[in-house]
Amino acid sequence: KRMLNVGVAQLGPIARNETRSDVVARLIKLLTQAGEKGCNFVAFPELALTTFFPRWFFEDGDAELASYYEKEMPGAETQPLFDKAAELGIGFYLGYAELTTDEQGNERRFNTSILVDDKGTITGKYRKIHLPGHKENETWRPFQHLEKRYFEVGDTGFNSWDFMGGKVGMALCNDRRWPETYRVMALQGAEMIVLGYNTPMHYPPVPQHDHLQGFHNHVVMQASAYQNGCWIIACAKAGKEEGCDLLGQSCIIAPTGEIVAMATTVEDELIVGECDFERTREIKEHIFNFDLHRVPEEYKIISAP
Ligand code: CDT
C-alpha cells in the first residue's frame, strides 16, 4: 500500500541558551517514540534546532546571531539524529537556519527545510519563500519578527519529490497562509505537503486578531488540503518561549480537509496518523480534477508580478 505512518513531533519551547545537542536529544526522544508507535516518517518544526531567534534584533556579524545557523547538514551535532532515524528506518522533515557560501564567496542565509528518507539520505531541500515580518529594529514591538533581515527569499521554488512511495512537497510557516504555495506543488502532483511553524499568539500590528491564531492556522490548511487533494502535515514549535507564546495545535489533515489528529498540549508531543496516498484520488479525480475543470487562461493575473 502507498502510505506513510506519520508522526508529528511538536516541540515545546527551546530556551535561548539550550545547546544544539540538548535539542537533538529531544528530537531523538520523539523519534524513538514514533518508532515504538510504528511510524516510518516524522515531521519536526520550522527552525527546530534553536530558539526562534528572529524575535531579537542583532547587528550584522553578531556572534550570537551566527550561532543559530547550520553550516553543514548533517553537522556534528545533528548527525546522531540522522543515525537514529536511519537505524529505525524512519524518514523525516526538519526545519533549520541555513548558512551557505555561494560561488562568488558571498554568505547566504535561508530559512530551510529538508526531507530525509528512511535510509538517511537527504532527498529534498526547500528554502522558505514567504518571509514574514520586517527588516529593521521596530522598538515599539514587544518582540521583533526579523525574518526579512536574517533570511533571503528562498531560491529553490516549490517542489514535489518522489519520496517513500508518494509525491511529497515542503513549505515553512508563513507559506501556509498563501494559496499559491499549495497549488504550485499540487500542479506538480504533490499528494502530501509537510510544513513546520513558529506562530506567535500575539501579532503586534493587528492585535485584534490574536484570538484567531488557532482558527487562521487551521482554516488555511484545511481549505488547502481539500482544494488540492493533499495530505497536510503541520508541526508547531509551541508554548511560552523566552516570554513569547507560540501556537500549538500541530495536526494531520486529510485530503478531505478533515483534521485526523491534533496536538493537545504546547509541549514536546507526538501525534500520529496513517496517511494513505491513494485517498488523494477521491479529490484529485473528481471535484478538483485539474485537467478537467481548471480554466488557467482565466487565471493569468495571479501570475503577474
Ligand atoms: N515563522 C513564521 O513564518 N511565522 C508567521 C508569524 C506571523 S507574521 C509575523 C506565521 O505566518 O505564522
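Any value given below was found using the heavy atoms of this structure, including those in side chains, with hydrogens, waters and symmetry copies removed. As the structure lists them, so they are numbered: ligands from 1, and atoms in each ligand from 1.
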Enquirer: What atoms of ligand 1 come closer than 4.0 angstrom to any heavy atom of E46?
Expert: 1 (N)
Enquirer: State the atoms of ligand 1, each with its element, that fall below the 4.0 Å cut-off from a heavy-atom position in R177.
Expert: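 Going through ligand 1 atom by atom, the ones under 4.0 Å from R177 are 10 (C), 11 (O), 12 (O).
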Enquirer: Check whether more than 12 heavy atoms from other residues, nucleotides or ligands sit under 6.0 Å from atom CD of E274, and answer yes or no.
Expert: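 No - once you tally the heavy atoms of other residues, nucleotides and ligands closer than 6.0 Å, there are 12 at most.
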Enquirer: Side chain or backbone of Y203 under 4.0 Å from ligand 1, or both, or neither, by non-hydrogen atoms?
Expert: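 Contact part for Y203 vs ligand 1: side chain (C-beta onward).
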Enquirer: In the protein, what heavy atom is nearest to atom 12 (O) of ligand 1, and what distance, to one decimal place, separates them?
Expert: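 Protein heavy atom with the smallest distance to atom 12 (O) of ligand 1: T199 OG1, 2.7 Å.
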Enquirer: How are the rings of Y150 and F58 set to each other: parallel, tilted or perpendicular (split at 30° and 60°)?
Expert: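 Y150 vs F58 ring planes: tilted.
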Enquirer: One thing to verify: whether R109 and E152 come together as a salt bridge, which I'm taking to mean a side-chain N less than 4.0 angstrom from a carboxylate O.
Expert: no
Enquirer: Taking only heavy atoms of P132 into account, list the atoms of ligand 1 that are under 4.0 Å away from them.
Expert: 2 (C), 3 (O), 5 (C), 8 (S)
Enquirer: Are H130 and ligand 1 in contact, using a heavy-atom cut-off of under 4.0 Å?
Expert: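 Judged by the 4.0 Å heavy-atom criterion, H130 does not count as contacting ligand 1.
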Enquirer: For E147, counting its heavy atoms only, list the atoms of ligand 1 lying under 4.0 Å from any of them.
Expert: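 Every atom of ligand 1 under 4.0 Å from some heavy atom of E147: 1 (N), 2 (C), 3 (O).
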Enquirer: Are any of the side-chain nitrogens in R2 or E278 under 4.0 Å away from the carboxylate oxygens of its partner?
Expert: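 Salt bridge present between R2 and E278.
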Enquirer: Which of the numbered atoms in ligand 1 are below 4.0 angstrom from a heavy atom of K128?
Expert: 1 (N), 2 (C), 3 (O)
Enquirer: In terms of the angle between their ring planes, are H145 and F52 parallel, tilted or perpendicular, with boundaries placed at 30° and 60°?
Expert: tilted
Enquirer: Relative to the heavy atoms of N198, which atoms of ligand 1 are at a distance of less than 4.0 Å?
Expert: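 So the answer, numbered in order with elements, is 1 (N), 2 (C), 4 (N).
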Enquirer: Parallel, tilted or perpendicular: which describes the rings of Y68 and F53, with under 30° parallel and over 60° perpendicular?
Expert: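 Parallel.
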Enquirer: What pairs meet the salt bridge (charged side-chain N to carboxylate O under 4.0 Å, His left out) rule with one or both residues in residues 166-186, with sequence neighbours excluded?
Expert: D162-K167
Enquirer: Within a distance under 4.0 Å of any heavy atom of C173, pick out the atoms of ligand 1 and give their elements.
Expert: 1 (N), 2 (C), 3 (O), 4 (N), 5 (C), 10 (C), 12 (O)
Enquirer: Which atoms of ligand 1 are found less than 4.0 Å from any heavy atom of N174?
Expert: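 Answer, ordered by atom number: 3 (O), 10 (C), 11 (O).
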